[in-house]
Protein chains: 2
Amino acid sequence: MGKQLLQTLSHEEQILLLDILFTQQYALDLVSCELADIENGEKQVDEKRYQQLLRLYDRLLQETYDFT
Amino acid sequence: MGKQLLQTLSHEEQILLLDILFTQQYALDLVSCELADIENGEKQVDEKRYQQLLRLYDRLLQETYDFT
């Protein structure tokens, strides 16, 4: 259901959602929730997806604590 | 800080974040948190932004409860 909904959103709506994600400072928590679900076995993803998530998490963590 | 970080992300990273937002089913909550901050005076936005958020909230609400 989620993926279909994402594809129906306009580019402007997608950017608005991302913008709120960062203004609410929830991006890092969101990615860590996803990683936790995978690492505790609640969710299965392929290795490529898992590596993408790890890289994204590191980037967000590094950029979040570099700016403060 | 958030807006700068968003702009440094690649398109692939932005799509990955949106994808997680929907797989974690947190998009609707995120927009309602932003609206709540505005409506209780914690956050000031211009009318255009507020109307965009209301439209996005309605779309997400309608699409979320239409698929179940």
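Throughout, protein chains are lettered first and strands after them, A, B, ... in sequence-line order, and every chain is numbered starting at 1. Note that this is a predicted model, so its numbers are computed, not measured.
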Sorted by number, residues from residues 38-47 of chain A in contact with chain B (heavy atoms, under 4.5 Å): A:Lys43
Residue pair A:Glu34 / A:Leu56, side-chain heavy-atom distance below 4.5 Å: no
Heavy-atom pair count under 4.5 Å with chain B, highest-scoring of A:Ile20, A:Leu60, A:Leu53, A:Ile15: A:Ile20
Pairwise distance CG(A:Leu5) to CZ(B:Phe22) - rounded to 0.5 angstrom: 4.5 Å
Partner chain B: residue of A:Leu9, A:Val31, A:Asp37 with the largest heavy-atom pair count (under 4.5 Å): A:Leu9
Spacing of CD belonging to A:Gln51 relative to CG belonging to A:Leu54, to within rounding of 0.5 Å: 5.5 Å
Residue pair B:Gln52 / B:Arg49, side-chain heavy-atom distance below 4.5 Å: yes
Value rounded to 0.5 Å, distance of CG in A:Asp58 from CD in A:Glu63: 11.5 Å
Separation of B:Asp19 CG from B:Leu17 CG (nearest 0.5 Å): 9.5 Å
Option that, when pairs with chain A are counted at under 4.5 Å, heavy atom only, ranks first among B:Arg59, B:Glu13, B:Glu12: B:Arg59
Rounded distance (nearest 0.5 Å) linking atom OH of B:Tyr26 with atom CG of A:Leu30: 8.5 Å
